[in-house]
2 protein chains.
Amino acid sequence: MRIGELAELAGTTTRTLRYYESRGLLAARRDENGYRTYDEEDLRLLRQIRTLQDSGFELEETRPFVECLRAGHPAGDACPASLDVYRRKLGELDALVEQLQAARARVAARLLRAEAELPGGPEPTCELGG
Amino acid sequence: MRIGELAELAGTTTRTLRYYESRGLLAARRDENGYRTYDEEDLRLLRQIRTLQDSGFELEETRPFVECLRAGHPAGDACPASLDVYRRKLGELDALVEQLQAARARVAARLLRAEAELPGGPEPTCELGG
DNA sequence: GCTTGCCTTGACGTCGGCGTCAAGGCTTAC
DNA sequence: GTAAGCCTTGACGCCGACGTCAAGGCAAGC
């Protein structure tokens, strides 16, 4: 299949596929015209990349998964390097969530305090909740 | 005081202060040399901006707080517009945390499944993997 | 007078993951 | 033959909050 078809099957754009290729993630064969040619295997690789991206992985972090698939493994995460990426990402996500929750707590506290100072508002309809 | 001193007092850089000025957030008077001049009030404004930035607010979102302070209020969040920003940010943070936790759950599940498939790891030196 | 260290404006660089032209080639349908 | 719709490469744009460099002015100490 050609680039437009693959992009559509994966729910992405041709620009994205060319970008992946420029990063060395998703190589393509060429037909006589010079058009890029892909097969079902490429669709699998692409879907692996997209799935990871959707979970917050950077493009570089998807590389071990892609290489794992290309090495013939049944799944992108059937290789130790992929598992390392999983674990690292888990740590990053945990740290990030922690930061965000701390920020949320600070903001919530400031909001409560400031609302207590400001008598104006949506009427004394409610008292504690918002 | 001059820009370098203010930057140091606020734990930031002169570049940052000039950037804030270019965005219309932190104006400065000029002395005879053309050097920027600041006072204690500017330090308060700047600290308000930095505090909010540290909690994940975009620069534009700090504007109501700065204007509130400049209007003579004792705190940057003593104005309704600031409270609106607080509330909006709370919603954003909640949504973000939710997304991240969902991503975390997906990754954790994949990791567990993949680890179950891969017998290699901390103990058995090697059996299948290479 | 010369160096040092502050300041000025202006402008380009950074990071990630693409979007969006521009200019042109191939193929197919009419 | 010509318009439509695919494809090609190349290159600039975007977002946010600055970092960094360039070229030069001003003040102070020796």
Side-chain angles (χ1 to χ4, degrees), chain A residues 1-39 42 45-63 65-66 85 88-89 92-93 96 99-100 103, chain B residues 1-39 42 45-63 65-66 85 88-89 92-93 96 99-100 103:
Chain A
M1 77 188 86
R2 293 188 304 185
I3 194 170
E5 188 178 352
L6 177 60
E8 187 151 57
L9 285 177
T12 182
T13 68
T14 60
R15 177 69 182 92
T16 295
L17 298 193
R18 293 197 190 96
Y19 176 65
Y20 291 172
E21 182 173 345
S22 79
R23 303 282 90 189
L25 266 182
L26 192 66
R29 279 113 278 157
R30 302 298 181 114
D31 70 7
E32 301 159 359
N33 299 329
Y35 286 13
R36 290 175 177 81
T37 301
Y38 303 90
D39 56 21
D42 294 312
L45 300 185
L46 180 51
R47 283 191 166 142
Q48 172 75 80
I49 297 173
R50 295 261 96 202
T51 298
L52 291 171
Q53 289 257 83
D54 289 345
S55 289
F57 289 76
E58 292 174 12
L59 209 46
E60 267 314 304
E61 296 177 316
T62 71
R63 196 177 297 273
F65 295 81
V66 175
V85 176
R88 194 156 44 79
K89 182 56 63 177
E92 288 174 15
L93 286 173
L96 197 49
Q99 280 181 34
L100 289 177
Chain B
M1 77 188 86
R2 294 188 304 186
I3 195 171
E5 190 179 351
L6 178 60
E8 188 151 58
L9 283 176
T12 182
T13 67
T14 60
R15 177 70 183 91
T16 296
L17 298 194
R18 293 197 191 94
Y19 176 65
Y20 289 173
E21 182 173 347
S22 80
R23 303 281 91 190
L25 265 183
L26 192 66
R29 279 114 277 156
R30 301 299 181 112
D31 69 7
E32 302 159 356
N33 300 329
Y35 286 12
R36 289 175 177 80
T37 302
Y38 302 90
D39 57 19
D42 294 312
L45 300 185
L46 181 51
R47 283 189 166 144
Q48 171 74 82
I49 296 173
R50 296 260 95 200
T51 298
L52 291 172
Q53 289 258 85
D54 289 345
S55 288
F57 288 77
E58 293 174 12
L59 209 45
E60 266 313 304
E61 295 177 315
T62 72
R63 197 177 295 275
F65 295 82
V66 174
V85 176
R88 195 155 42 78
K89 182 55 63 176
E92 289 174 16
L93 286 172
L96 198 48
Q99 279 182 36
L100 289 177

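Note that this is a predicted model, so its numbers are computed, not measured. Labels below follow one simple rule: chain letters A, B, ... track the order of the sequence lines, proteins then strands, and each chain is numbered from 1.
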May I have the distance from [X] (atom [atom1]) to [N] (atom [atom2]), rounded to whole angstrom?
X	N	atom1	atom2	value
B:Tyr38	C:dT8	OH	P	7 Å
B:Glu32	C:dT8	CD	C1'	16 Å
A:Glu58	C:dG16	CD	P	6 Å
B:Arg2	D:dA28	CZ	C1'	11 Å
B:Leu59	D:dA17	CG	P	5 Å
B:Arg63	D:dA17	CZ	P	11 Å
B:Phe57	D:dA17	CZ	P	13 Å
B:Arg29	C:dC7	CZ	C1'	17 Å

Checklist line | Listed nucleotide nearest any side-chain atom of A:Thr13, set D:dT9, C:dC6, C:dG19 | finding: C:dG19
Checklist line | Selected nucleotide, minimal atom distance to A:Arg30 side chain, candidates D:dC7, D:dT9, C:dC18 | finding: D:dT9
Notebook entry, point to check: In residues 17-27 of chain A, what residues come within less than 4.0 Å of DNA chain C, judged by heavy atoms?
Noted result: A:Tyr19, A:Tyr20
Margin query: If the threshold is 4.0 Å, N to carboxylate O, is there a salt bridge linking B:Asp31 and B:Arg2?
Written below: no
Item checked: Matching residue for B:Tyr20 among B:Val66, B:Leu26, B:Leu45 - test: side-chain contact (heavy atoms from CB on, under 4.5 Å) -> B:Leu26
Please list each protein N or O that sits under 3.5 Å from an N or O in nucleotides 21-24 of chain C, with the distance.
none

Of all residues at least two apart in sequence or in a different chain, which pass the salt bridge (Lys or Arg N to Asp or Glu O under 4.0 Å) check with [X]?
X	value
A:Glu60	A:Arg63
B:Glu21	B:Arg30, B:Arg36
B:Arg88	B:Glu61, B:Glu92

Look at the side-chain N and O atoms of [X] and state whether any lies under 4.0 Å from the OP1 or OP2 oxygen of [N].
X	N	result
B:Gln53	D:dC18	yes
A:Thr16	C:dG17	no
B:Arg36	C:dT8	yes
A:Thr14	D:dC7	no
B:Asn33	D:dA27	yes

Next item on the list: Report the distance from atom CG of B:Leu9 to atom CG of B:Leu46, rounding to the nearest 0.5 Å.
Entry: 9.5 Å
Next item on the list: Calculate, to the nearest 0.5 Å, the distance between atoms CG and OG1 belonging to A:Leu6 and A:Thr37 respectively.
Entry: 11.0 Å
Next item on the list: Determine to 10° how strongly the helix from C:dG1-D:dC30 to C:dC30-D:dG1 is bent, judged from the axes of its five-pair ends.
Entry: 40°
What are the two closest heavy atoms between [X] and [Y], and how far apart are they?
X	Y	result
A:Thr13	A:Ala7	C-CB, 3.6 Å
A:Ser55	B:Ala103	O-CB, 3.6 Å
B:Ala27	B:Tyr38	O-CE2, 4.1 Å
A:Thr14	A:Ile3	O-CD1, 3.7 Å

Check: Quick check: does any side chain N or O of B:Thr62 sit under 3.5 Å from a backbone N or O of B:Leu59, one acting as donor and the other as acceptor?
Finding: yes
